[in-house]
Number of protein chains: 4
Amino acid sequence: MGTHAGTAQRTNNRVKPLLDAAASQFAAKGYRETTIRDIATAVGMLPGSVYYHFASKQALLLAVYEEGVRRISSRLDESVAGESDPWQKLRNATEAHLETILDQSDYARVMIRVMPEQVPDIELDLIHLRSDYEDRFVALIDALPLQEDVDRGLLRLMLLGASNWTQIWYRAGSAPVHDIAQAFVDFLRLPLMPDTADEVTVREC
Amino acid sequence: MGTHAGTAQRTNNRVKPLLDAAASQFAAKGYRETTIRDIATAVGMLPGSVYYHFASKQALLLAVYEEGVRRISSRLDESVAGESDPWQKLRNATEAHLETILDQSDYARVMIRVMPEQVPDIELDLIHLRSDYEDRFVALIDALPLQEDVDRGLLRLMLLGASNWTQIWYRAGSAPVHDIAQAFVDFLRLPLMPDTADEVTVREC
Amino acid sequence: MGTHAGTAQRTNNRVKPLLDAAASQFAAKGYRETTIRDIATAVGMLPGSVYYHFASKQALLLAVYEEGVRRISSRLDESVAGESDPWQKLRNATEAHLETILDQSDYARVMIRVMPEQVPDIELDLIHLRSDYEDRFVALIDALPLQEDVDRGLLRLMLLGASNWTQIWYRAGSAPVHDIAQAFVDFLRLPLMPDTADEVTVREC
Amino acid sequence: MGTHAGTAQRTNNRVKPLLDAAASQFAAKGYRETTIRDIATAVGMLPGSVYYHFASKQALLLAVYEEGVRRISSRLDESVAGESDPWQKLRNATEAHLETILDQSDYARVMIRVMPEQVPDIELDLIHLRSDYEDRFVALIDALPLQEDVDRGLLRLMLLGASNWTQIWYRAGSAPVHDIAQAFVDFLRLPLMPDTADEVTVREC
DNA sequence: AATGAATGAGTCTTCATTCAT
DNA sequence: TATGAATGAAGACTCATTCAT
């Protein structure tokens, strides 16, 4: 009674479109700049009706965040699944990351765009969700064969920072996402200079 | 600079504190989250009084942005002035950039934090101001001796992206800004792997 | 009682719990402060379902009021049934009144707590219901052997006012209801001063 | 500058009418039933404008409450000032109380009508304000020469309860307030029965 | 007999902005 | 220069009620 498969499906009928609309608008305009009316209009309801499905604007954001983490995480996990070379894994992961936030998922985009501190009431929840995902990069970078003196924390921050910042400048039509990911990882892995030799590659201490 | 010297001076008397307050709050909370009342209160005036000095909230932001560009640009220009080695120039520039947006100037911080699209009416002005500054990195990176196939545009975007993103995670007490700048540039310049492979590059300490 | 016994019974099946819940919440929080959702939730249904049983929130209140009058009236009638002394009757009535609105019946409590004017559409109905009950006190006080110049109307208003106001301050754990009723009636019946004599008990006219 | 006498006066120009309107409507309809729009309309402004003067609806209520306590307290204090007989003091106090809440001050009426628990955020403040006033009755009743076994707490509760409940039934045109106060106190002070019984008390006119 | 879904009118509140003084 | 006062448009949210199923 109320949990027939059919009913259950109809029950969440409008939740999905609602989340999609929210994700789309949060991703495009940010949290504050998006109004409940915007979202409601996008799915053809009135602002008040949204509250039948979600208790608050924050609850909507949280749901989007959760789905965002779920999607980008599984996308990333898949991308490294068959791979054993640590650098190739990182390349794949970076590509998955970029593809998801640039092309494929408004949900994931929201996760990058909306900073937890902007929504104090659920700040901690958002932070946890983010860490859940970002920790994967900790592991990925730990697995890299690096010189001892390399600060892996800064390395991760650099790669993720550069990646996340793509949201600011990337437009459909920029370089293919695949190339960007490749470039970002290889900029790190390889030396950038022509191998014209000693004085370049030697590090003066 | 002229007319009633006295009057003129008194006129701009409150502009500076007003800009300082605006810069400080925009940098800390973002544009939308900062109210005219916040800014007015910080300098001990009432909201309406702000409009004697600035035509609108947007005008305030624009003024802050301009000052931000001025400051970070001159800081960067100084930092590379005496230097001739292109990598060292980039290192210095990056350090200047980071120091300015992390430690030294709310004005510059605003420039990084507040995205032009958030204020459609002056979006283009803001974009121009930003480019004005970021172009310096185009030049800096053009001067680098790199292998031919390196995409200098992506390289710039990676370095600046990673740098700007520090705003998200950097807290007083993280690694010294100097080290972060060094690391970011060297991660790019040098190979990251232990020198197990001759064909890559030798690294000696 | 009649027709499809089974169906009929099942029909009113949910009416009782619904009324109970309404009474409980109206009594505890007042009319405006109680939402249809509160009531529905309390009996495990959805807000819309309430309207199958009651035409409106007002109708619910009216039903509660009616039941409230029924209960407190019969409770009071019982309490004075065997008694012939008019003062004892009043004492019993007051105790019955207090016990009902303080301890025993949310329905009766509602009658005291929710003022007719708060629900203009049914204001008159509510007023009639109340009078129906309060008239009993008119009779009770008429039966009292009092000096001629005593304003029996004010006397009733004082006793009932003091009694009803107990809702404001009474908490389980205050004096026993029985004692309160006794005290209220005896404060009226007896002189309050030590019988130190004439000048006290003489009323200067 | 801004604190000229003239300016200062003009400053609080609209606060008084606003408070008056709020007091009037809270007294007439209760807190929840009164909207900010009601109050604003009454003084000829728009709802938003109210917030220039008061931070919230609750703040408005609190201000009204405070003024209510101030007024009824000083009214009461005056009424007992010249008097030394404890019963006459109580009579005067009761009359002052009734006159204030029935005839003279919407502010005081609010204090009686709006229960602290209806506004959880400022519940404690309201409770303190009320006690501040009601404590005067504790003192007044403590001063009464009563038989030892009289529960002075219940006595106060009865008198105040009956008095406050007048708000429910009193209409201009009922008995004069003065008579009501007299009656309430004398119902308590004197025995109500004809002097047929020696053992009770003699009452002579 | 009840539910899922929605409505629409209304609530308090916020805030950039205006303007007479 | 600045203020007191107000505006008006918008924002998030609430809730009694409706109605097809």
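By convention in this document, chain letters (A, B, ...) are assigned in the order of the sequence lines, proteins followed by strands, and residues within each chain are numbered from 1.
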query: More 5' along DNA chain E: Y31(B) or M45(C), using each one's nearest nucleotide?
result: M45(C)
message: Which is more 5' along DNA chain F, the nucleotide nearest I36(A) or the one nearest V50(B)? Just name the residue.
response: V50(B)
field: Selection from dA5(E), dA2(F), dT3(F) that lies nearest to any side-chain heavy atom of L46(B)
entry: dT3(F)
field: Length of the CG-P vector between D121(C) and dA16(F), whole Å
entry: 14 Å
message: Using heavy-atom distances to pick each residue's nearest nucleotide on DNA chain F, tell me which of R32(D) and G48(B) is more 5'.
response: G48(B)
N/O donor-acceptor pair under 3.5 Å between S24(C) side chain and D20(C) backbone: no
- prompt: dC15(E) P sits how many Å from I39(B) CD1, rounded?
  reply: 12 Å
Y107(C) vs V69(C), side-chain contact (heavy atoms from CB on, under 4.5 Å): CA-CA, chis, key distance, verdict: CA-CA 8 Å; Y107(C) 289 88; V69(C) 169; over 6 Å; no
message: Let's go through L61(C) and V110(C) carefully: what are the C-alpha distance in whole Å and the side-chain angles of both, what is the deciding distance for side-chain contact (heavy atoms from CB on, under 4.5 Å) to 0.1 Å, and is it a yes or a no?
response: CA-CA 9 Å; L61(C) 175 65; V110(C) 170; 3.8 Å; yes
query: At under 4.0 Å between heavy atoms, what does S49(D) touch on the DNA or RNA strands: base, sugar-phosphate, or nothing?
result: base
message: What is the separation between atom CD on E33(B) and atom C1' on dC15(E), rounded to the nearest whole Å?
response: 13 Å
message: Dot-bracket, 5' to 3', for DNA chain E please: Watson-Crick or G-U pairs under 3.5 Å, [ ] where pairs cross earlier ones, | where the partner sits on another strand, dots elsewhere.
response: .||||||||||||||||||||
- prompt: Do any of residues 55-64 of chain A sit with a heavy atom less than 4.0 Å from DNA chain F, and if so which?
  reply: S56(A), K57(A)
- prompt: Would a distance-only check, ignoring hydrogens and angles, find a side-chain to backbone donor-acceptor pair under 3.5 Å from R109(A) to A27(A)?
  reply: no
field: L18(B) CG to dT1(F) C1', straight-line distance once rounded to whole Å
entry: 12 Å
message: How many whole angstroms separate atom OH of Y51(D) from atom C1' of dG8(F)?
response: 15 Å
query: Do M45(D) and L18(D) have side-chain heavy atoms sitting under 4.5 Å apart?
result: yes
field: Main-chain N/O of M111(C) paired to R130(C) side chain as donor or acceptor, under 3.5 Å
entry: yes
query: OP1 or OP2 of dC12(E) sitting under 4.0 Å from any side-chain N/O of R37(D)?
result: no
- prompt: Does Y31(D) reach the main-chain N or O of P116(D) with its side chain, forming a donor-acceptor pair under 3.5 Å?
  reply: no
- prompt: Is any side-chain nitrogen or oxygen of Y52(B) closer than 4.0 Å to OP1 or OP2 of dT1(F)?
  reply: no
query: For the side chain of Y65(A) and the backbone of V114(A), is there at least one donor-acceptor N/O pair under 3.5 Å apart?
result: yes
message: Please confirm whether the shortest side-chain N or O distance from H53(B) to OP1 or OP2 of dA2(F) is below 4.0 Å.
response: yes
message: Any donor-acceptor pair under 3.5 Å linking the side-chain atoms of R14(B) with those of Y52(B)?
response: no
query: dA12(F), dA5(E), dT11(E): which one has an atom nearest the side-chain heavy atoms of N13(A)?
result: dA5(E)
